[in-house]
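None of the values given here were measured: they were computed from a predicted structure.
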Amino acid sequence: MSTQVQPVSRQSAARPAPALTPLFVRLKLTLLKNGLRQSAGRTAAYVTSIVVTLVIAAGLLLGMILLRGVPGAATLAVLLTGLVTLGWAAMPLFFPSGDETLDPTRLVMLPLRPRPMIVSLLIASLIGTGPVFTLVLAAGSVIAVAHGAAAAVVGVVATVLVLLVCAALARAIATANVRLLSSRRGRDLAVLSGLFVAVGAQGINLGATKLSQAHSLTVLEPVSDVLRWIPPASAVDAVAATSEGAYGRAAIGLALSVLALVLLLWWWLRTLTRVMTSPDSSTLQAAETDSGRKRAGKAGGGWARLLPGGRTGTVMQRTLRYAWRDPKTKMGWISGLGVGLLLPVVSVAQGNGSVYTACWSAGLLGMQMYNQFGQDTSAFWMVASTISTRRDAYVELRARALALCLVAVVYVSLVTVGAAAVLDDWEVFPEVYGLALALLGALVAVGAFASVFFPYSVPSEGNKNVAPGQAGIAWISIFGGMVAGAVLCAPILGLTIGLHLGGLHGLLWLVLPVGVVYGAGIALLGLRLSARHVPGRLPEILAAVSKG
């Protein structure tokens with residue numbers, strides 16, 4: 001008896017592949033839903049962000065509608081579109097964890113081809129508060145500048161182009177930098193987001209101030225004349241050009257936006273293909289021993305050769321490496337450097353500049369001396385094991401202060417000289433420079449004292465800078481130290497005020513050498529007095545800094 005096997009056709013055996021676009025849309029919605037289920041606080045924060053975004057979007061939409069027919073409305077529409085596009089470009093760099101679907105490496109093990117993926121991912125990118133905000137802003141801009149049936153048709157196309165170009169731009173940038181953003185350097189870049197937002201907010205504040213003083217949108221025309229040729233703002237300008245009858249300019253504007261979308265999709269496809277087919281550190285051998293040895297051999301070279309020998313140089317090198325490598329320490333340094341420069345610049349831009357604003361640079365960098373031991377977290381026990389005498393403690397604190405001053409003195413000097421040069425007010429330079437250096441020395445002294453008597457732990461994970469239960473200690477350390485630093489700087493400030501009130505302006509140059517000597521002296525005195533108590537307080541310091 002024979003058994004006959006019936007052939008099975010490939011078409012009947014193969015199952016049709018599911019459509020990718022609905023799948024990715026459901027994936028995006030599922031990620032949003034599951035993220036909200038994690039905690040009530042996260043749900044409340046997300047709902048609040050949606051409400052705030054919608055309120056701002058509605059306000060912008062209403063404002064743009066009210067500007068319809070007002071001269072300069074097209075200028076503002078082009079400028080707002082350019083700002084939103086810049087935000088889309090910066091979002092994946094500074095907020096890489098804001099959207100988990102921005103990481104294509106999560107999909108590399110799936111049997112998916114890059115070309116269908118970019119269409120599905122692009123459509124999935126249109127789900128969220130950011131796309132809704134962009135859509136409302138683009139629609140409001142089009143309504144403000146569109147006059148006539150032809151402009152309305154072009155406006156619909158322009159709105160779609162603005163949304164697609166922004167989404168494709170964010171996706172392309174995220175994919176091109178996915179290896180960076182998932183590495184330690186990428187996390188360090190994300191730390192800069194706070195400074196980025198601060199600088200951007202100040203820029204918007206200055207722009208709003210200038211606009212309110214001008215009482216007209218025409219003051220924005222020089223910037224708009226440049227942005228109107230940059231996609232996707234060129235699409236919004238195409239609507240305005242159609243309303244004016246400049247069909248040639250409108251065609252060029254739309255063509256530029258379409259070309260930009262095509263180029264972004266091509267770039268995205270190339271980078272996505274490379275990410276999905278090229279190996280990374282997880283698929284290669286753990287390390288190359290020879291190159292590791294070479295890097296280890298060079299570790300002590302370069303700038304480290306300029307530092308003094310012995311324990312002082314070692315501690316200085318460790319402190320500077322923490323400032324460069326540890327994300328939270330780096331954030332403190334970058335905030336001090338950035339805001340210390342930003343405040344004088346903003347004051348000059350607002351027309352009320354003063355060289356005295358350079359003292360902010362000394363104050364903000366001097367604050368980095370606070371909680372020195374807490375910055376080491378639980379690793380401080382290794383440092384504590386090397387401290388047995390007051391001399392050991394003094395050398396440790398002095399080296400940390402020298403590492404800080406190595407950067408701070410140069411930075412304060414540059415900011416002060418720059419402020420005096422921009423404002424052309426060299427007469428007050430000596431007194432301001434002397435006050436700034438005296439303030440820096442006073443904060444170093446108080447910072448050493450606060451580090452010994454009010455240490456607190458800095459959690460290595462999360463966004464908190466103070467461990468639970470130590471907020472009160474941190475407040476005493478920081479704000480109490482600020483008051484104490486101001487008190488210690490009072491003699492130099494009193495000397496300056498006395499010379500001004502006494503009409504002895506010709507002697508104000510004395511504030512500079514007196515401030516230098518006083519700052520150095522008070523810093524050394526504070527370091528010596530604080531170091532006396534370190535050996536006896538080591539158990540308490542260890543317990544405090546290891547709490548997180």
Side-chain angles (χ1 to χ4, degrees), residues 56-57 59-91 122 126 130-170 172-173 200 203-204 207-208 210-211 214-265 267:
I56 296 175
L60 286 174
L61 178 62
L62 179 61
M64 296 304 294
I65 293 175
L66 293 177
L67 287 175
R68 180 178 172 83
V70 176
T75 298
L76 182 61
V78 169
L79 182 61
L80 288 177
T81 305
L83 287 175
V84 170
T85 306
L86 179 62
W88 277 89
M91 184 265 294
L122 182 62
L126 304 181
V132 171
F133 179 84
T134 305
L135 180 63
V136 172
L137 178 63
S141 301
V142 167
I143 294 173
V145 300
H147 301 281
V153 173
V154 175
V156 174
V157 177
T159 302
V160 175
L161 281 175
V162 169
L163 186 59
L164 292 180
V165 169
C166 288
L169 177 64
I173 291 177
I204 295 174
K210 293 292 184 182
L211 186 60
H215 302 289
S216 175
L217 295 175
T218 56
V219 71
L220 302 176
E221 288 183 357
V223 180
S224 176
D225 290 339
V226 177
L227 289 178
R228 71 173 69 250
W229 301 108
I230 300 177
S234 61
V236 176
D237 181 68
V239 182
T242 304
S243 301
E244 298 170 1
Y247 299 110
R249 197 180 91 200
I252 294 175
L254 288 177
L256 287 174
S257 294
V258 172
L259 178 62
L261 179 60
V262 172
L263 291 177
L264 285 171
L265 292 176
W267 179 37

Participant: Answer yes or no: is there a side-chain heavy-atom contact under 4.5 Å between Leu61 and Ile65?
Facilitator: yes

Participant: Atom OG1 in Thr81, atom CG in Leu86: separation rounded to 0.5 Å?
Facilitator: 12.5 Å

Participant: Which heavy atom in Pro231 sits nearest to a heavy atom in Ser257, and how many Å separate them?
Facilitator: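 That would be CB-CA, 3.8 Å.
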
Participant: Could you state the interatomic distance from CG (Leu259) to CD1 (Ile252), rounded to the nearest 0.5 Å?
Facilitator: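 One gets 12.5 Å once the value is rounded to the nearest 0.5 Å.
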
Participant: Tell me whether Arg228 contacts the main-chain N or O of Ala238 through its side chain, where contact means a donor paired with an acceptor under 3.5 Å.
Facilitator: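 Checked: no pair found.
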
Participant: Would you give the length of the straight line joining atom CD of Glu244 to atom CG of Asp237, rounded to the nearest 0.5 angstrom?
Facilitator: 8.0 Å

Participant: Report yes or no: does Ser234 contribute a side-chain atom to a donor-acceptor pair with the main-chain N or O of Trp229 at less than 3.5 Å?
Facilitator: no

Participant: Using the side chain to side chain contact (heavy atoms under 4.5 Å, CB included) definition, which of the options Val157, Leu163, Leu164 pairs with Val160?
Facilitator: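 Result for side chain to side chain contact (heavy atoms under 4.5 Å, CB included) with Val160: Leu164.
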
Participant: Of all heavy-atom pairs between Ser243 and Ala151, which one has the smallest distance, and what is that distance?
Facilitator: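 Closest pair (atom of Ser243, atom of Ala151, distance): OG-CB, 3.3 Å.
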
Participant: Which distance, rounded to the nearest 0.5 Å, do you find between the CG of Leu169 and the CG of Leu265?
Facilitator: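 If we round to the nearest 0.5 Å, Leu169:CG and Leu265:CG are 11.0 Å apart.
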
Participant: Any idea which heavy atoms bring Ala73 and Leu67 closest together, and the distance?
Facilitator: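 Closest approach of Ala73 to Leu67, heavy atoms only: CB-O, 3.4 Å.
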
Participant: Testing the basics here: between Ala158 and Val239, what is the closest heavy-atom pair and its distance to 0.1 Å?
Facilitator: CB-CG2, 3.7 Å

Participant: Can you give each donor-acceptor pair under 3.5 Å made by side-chain atoms of residues 130-145, sequence neighbours left out, with the distance rounded to 0.1 Å?
Facilitator:
unit_1 : atom_1 : unit_2 : atom_2 : d
Thr134 : OG1    : Trp88  : NE1    : 2.8
Thr134 : OG1    : Gly130 : O      : 2.9
Ser141 : OG     : Leu137 : O      : 2.9

Participant: Which pair of non-hydrogen atoms, one from Ala168 and one from Leu122, has the smallest distance, and what is that distance?
Facilitator: N-CD1, 3.7 Å

Participant: Output the distance between atom CG (Leu254) and atom CG (Leu161), rounded to the nearest 0.5 Å.
Facilitator: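 Here the interatomic distance stands at 6.5 Å.
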
